Every structure is written in C-alpha cells, then in structure tokens.
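Since the structure comes first, as structure tokens, the remarks are kept for the end.
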4 protein chains.
Amino acid sequence: MNKVILVGRLAQDPEVRYTQTGKAVASFNLAVNRYVSQGQQQTDFIPIVAWERLAETCGNNLTKGQRILVEGRLQIRSYETADGQKRRVAEVVALSIEFLERKQTAAAGGGSGSSFDVSSIGSDVFPPEEEIPF
Amino acid sequence: MNKVILVGRLAQDPEVRYTQTGKAVASFNLAVNRYVSQGQQQTDFIPIVAWERLAETCGNNLTKGQRILVEGRLQIRSYETADGQKRRVAEVVALSIEFLERKQTAAAGGGSGSSFDVSSIGSDVFPPEEEIPF
Amino acid sequence: MNKVILVGRLAQDPEVRYTQTGKAVASFNLAVNRYVSQGQQQTDFIPIVAWERLAETCGNNLTKGQRILVEGRLQIRSYETADGQKRRVAEVVALSIEFLERKQTAAAGGGSGSSFDVSSIGSDVFPPEEEIPF
Amino acid sequence: MNKVILVGRLAQDPEVRYTQTGKAVASFNLAVNRYVSQGQQQTDFIPIVAWERLAETCGNNLTKGQRILVEGRLQIRSYETADGQKRRVAEVVALSIEFLERKQTAAAGGGSGSSFDVSSIGSDVFPPEEEIPF
DNA sequence: TTTT
DNA sequence: TTTT
C-alpha cells in the first residue's frame, strides 16, 4: 500500500507535456494548507504528476487556484544533474482527482463555484513508467 | 488500521444530543455521490457520529447541504430492538472534519462559498465508548 | 471520495457465490482490532464483499484467520425482509486486497509466514451493481 | 487533508537523534514495493520521520527488515546546502505506526513473526516544527 | 434525506 | 466470528 490523499489548491496552471512516444504528462504543484496552531497556517507545495487521459483532463479542466482532491501514490524518482550529481525528487502520481470547485473561467473571473458538485476523474490505465521529459 | 475518508454533503442538519454523563454526540447522514457510468450517479447515505468537542463544533458549524470531508473509523454497533431482535448498525465515527464550503446561513440562503478556504477540526480526545442515547 | 482502508483478520473462510448472470461474489467478515486503552482491545466485524476476478482470488487465496489489508468503499445497501420491513446493511466493497501473511495451509497448520512479502490483487473491472444473491 | 498511508519494510534500523531542546526524532527509509506487472516489482525508498514519544517507540521497537504500516503526512522541507543552493526534500511525518510483524531479535535471528498480532502506536502530541538536526 |  |  502506497496511498496519498491530498486536498489543496493548484499553485499554478497544469503544464502538459508529451513523452517521445506521445504519452501526455501533466504536472503542477498543489498548495496544501496545514493549521499549526490557531491563526497559524503553513503550506506545503507538493508536486503532482498525472499521465495520459488523466493528464489531458487536468490540462482541460484545472486552473491555478482551484481546489481539488488528489488520490495517488508517493514516488521517489532519482536522476542525475548535468554535472553528475545524484538527486532525488518526490512527487505524487495522481490516480484520480475530484474537483471541489468549478474551473475559474477567464471570462467569469471567478464565478459562483459554491453550487458546484464534486465530479471525479480517474486514470483508466496504469501510469506508464517512461522517463518524464523534464 | 480502520480508516474511512468521505467527501459528501450533509443530508440534514446535525442533531446534537447528550449522554447521561453529559458528553455531546452529534449525528447526521452524509450523502456521498458515486459516478457509476457517465450521466449516472448513485448516492450512499452514510451515518456519521461525532463526540464531545467535535460534536459541538458540528452542531455550531454544519448545516444541511454543506459539503465536508470526514475522516474517521467504521464501527459496527450491535443493539436489541424493543421486541428482542438483534440488529447491527454501521456508522462512521468522525475523528476530524474539513469544511469544503462555508456554512449556509439562513439569511444569505446560499452565499458565496467559492472563496472559502478549507478549515479543519479534530477530536482532541479519543471518542468515549458509552452507549449512544438513541 | 468514499475510501475505506482496513487491516484485520478473516473471521471465516470467504464464501463465493454467483449471480444469475454468472458474476462471482466473495463475502466474509474482517475482524479489525482496536486498542481502547492499554490491555483493552475491541473488535469490529466488518462485512466485506468482492466481485468478479477479485472474488475468485479471494476464494482461492484467503482463509480464516489470515491477516490482510482491504481497500474499498463503504456501501449502504437497502433491502426488504420477507415480512416487508425495510433494512439497511453496510458493507465494504473491496477494490484491492494485500496479503500480509501467506495462506494457512491445512497441512502446514500455520507455517512460517514471517518471510512472506506483501502481494496485492485488485479488481480489474468496476464491481457490478447487480443484486447480491443473499 | 494531507494523508499518507504506507506498508513496507524498514530499509535500515531507525536512527534516533535529539534536537537542541531535547525532542527525540527518529528517521529511517521505508522500502515500499509496487507490482508493475507480473513478476516485475519496483521499490520506492521513502524517508520517514517520527517525533517525540513515537520516535522513542520506533527506536525501541523497530528494526531493519520489519514490516510496518505508517500513517502520516507528506512534508516538503526546504534547506540550503553548504554552498548556498536551495534544495527540497520530501519526507513522511509519521503520526501512527502499526507493527505488522514482531521485531527481529538479534538472539532469535529471525523468529516466527507469523503469529504476531497488529499493535499500534501513535504520536500523542502534534509533532513539533523545529529544525531537524540533520 | 444531499447536490449539480 | 479473527488474532496475540
């Protein structure tokens, strides 16, 4: 079992890229608040990645500031820097996402949001394990 | 491990009662939607109970229709009916609750909600195991 | 989100039945311990159901007393008794199961278990929503 | 909500250190297996930290190779290297741990383990937010 | 019995 | 009705 469940807001619009074999990869940071003591709040910015159909859906439906619920797994990825140093980066591979707010449209500049019901998207295939192109 | 995480809307206002020793108990049903196929949606109405300080906070801050996240544990409680039949009832004992929407005020009749940030309450003590007075 | 994660032991061998359309359904109770105070332990017996391929795997790989981890969702099912009373029953619909112990063989009568690694099975299709034949 | 649930084996014995104010901090990596395809398995080594009473319990009860369940939250910590580079490190702050196997004693050199029941420890206070001394 |  |  490797399960992560987060509720937070997108720190920026998702960035969708494509691997050499054409698989979509969306990535963004999720700002997750934590209440340390009363009046005190701390934020973790947690890197999220989504693959394929879920990645496309992220690109088409999520915008900066929107609140979502992410379910996924925690992955530690190793890589080497240009000058040969080994680094590790952690990210949450999203397997399903629930919208807790309607997308902010540029036109509406905010919109109601309050009456929007949860809807949910999931990855229909297991995420591929190709190299991420960034 | 006995962990339950639910996102849904209150099907009714919380009902707060008190045990003989004065402990507060809040109870309500949470309407949790599930997307069976496209356009098709099914709802589970899941009984939630909260104890003591968390119960008071539920009574003071939650209203019918409001969307929340509940974290707790699944409990199977046995009881006997008036005519001596054994029955079992399942309920989720809430240990913490996150508000995903601001409380609907009677006055505002809806309100903005959209810009409300998640806030969270937790049970500061372990829930007691007294008999529930209903 | 409707997520349940349980760690416990099978209270009995799984029972595998088949719907009229031939879908396998496994059911069993999971004994989940909780530590109320030191030396004090309470047990919830939580009904689990699994469907189709996961049901078959349960029937073939799980036995009474074995410890497993169940991930699924909490479902409230309504039915009528023979004399027309409405009842509700709660159960956890398993979506994946991890073995935390090797199966107890009748021959070995226990076995080592200690060196067994977690292995995991999941439902490859969404569970059907037919009537359960019991 | 920032929830992480992991099942895995300790990749090494926990290391217990103390902050300048005397708070215990335990840290270790958890090896979490994932089944990519049949016969194929991949392992994430996920850094775990525990604080105070939970840290002491880790030091006294956990050893390399032991399988446990960790519940906690995902934290991204920023720090600067000696030469002034900003780095980020992810770790799971454990809030409770369940033993899925008895501790391997040096004497027993392995032991049965198979008949050990789950027991559970939790952090009785919220983890402090001091600087970690490493 | 919630909501879109 | 599990298990230690």
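Within every chain, numbering begins at 1; the chains are lettered A, B, ... in the order of the sequence lines, protein sequences first and strands thereafter. Predicted model, so just to flag it, every value in this text is computed and none were measured.
- Looking only at distances, a side-chain donor or acceptor of Arg67(D) sits under 3.5 Å from a matching main-chain atom of Leu100(C).
- Closest to the side chain of Asn33(C), from the set dT2(E), dT1(F), dT2(F), is dT2(F).
- With distances taken from any side-chain atom of Gln12(B) to the nucleotides dT2(E), dT3(F), dT1(E), the minimum falls on dT1(E).
- Smallest separation of non-hydrogen atoms from Ile48(B) and Ala94(B): CG2-CB, 4.0 Å.
- Atom CG in Leu10(B) sits roughly 16 Å away from atom P in dT1(E) (whole-Å rounding).
- The number of heavy-atom neighbours closer than 6.0 Å to CD of Gln40(C), taken from other residues, nucleotides and ligands shown, is 12 or below.
- With distances taken from any side-chain atom of Gln41(B) to the nucleotides dT3(E), dT1(E), dT1(F), the minimum falls on dT3(E).
- Atom CD in Glu91(B) sits roughly 17 Å away from atom C1' in dT1(E) (whole-Å rounding).
- Ile68(B) has its CD1 atom 14 Å from the C1' atom of dT3(E), to the nearest Å.
- Comparing dT1(F), dT2(E), dT2(F) against the side chain of Phe45(B) picks out dT2(E) as the nearest.
- In this structure, the nucleotide among dT2(F), dT2(E), dT1(E) sitting nearest to the side chain of Ala11(C) is dT2(F).
- Straight-line distance from the CD atom of Gln40(B) to the C1' atom of dT3(E): 16 Å, rounded to whole Å.
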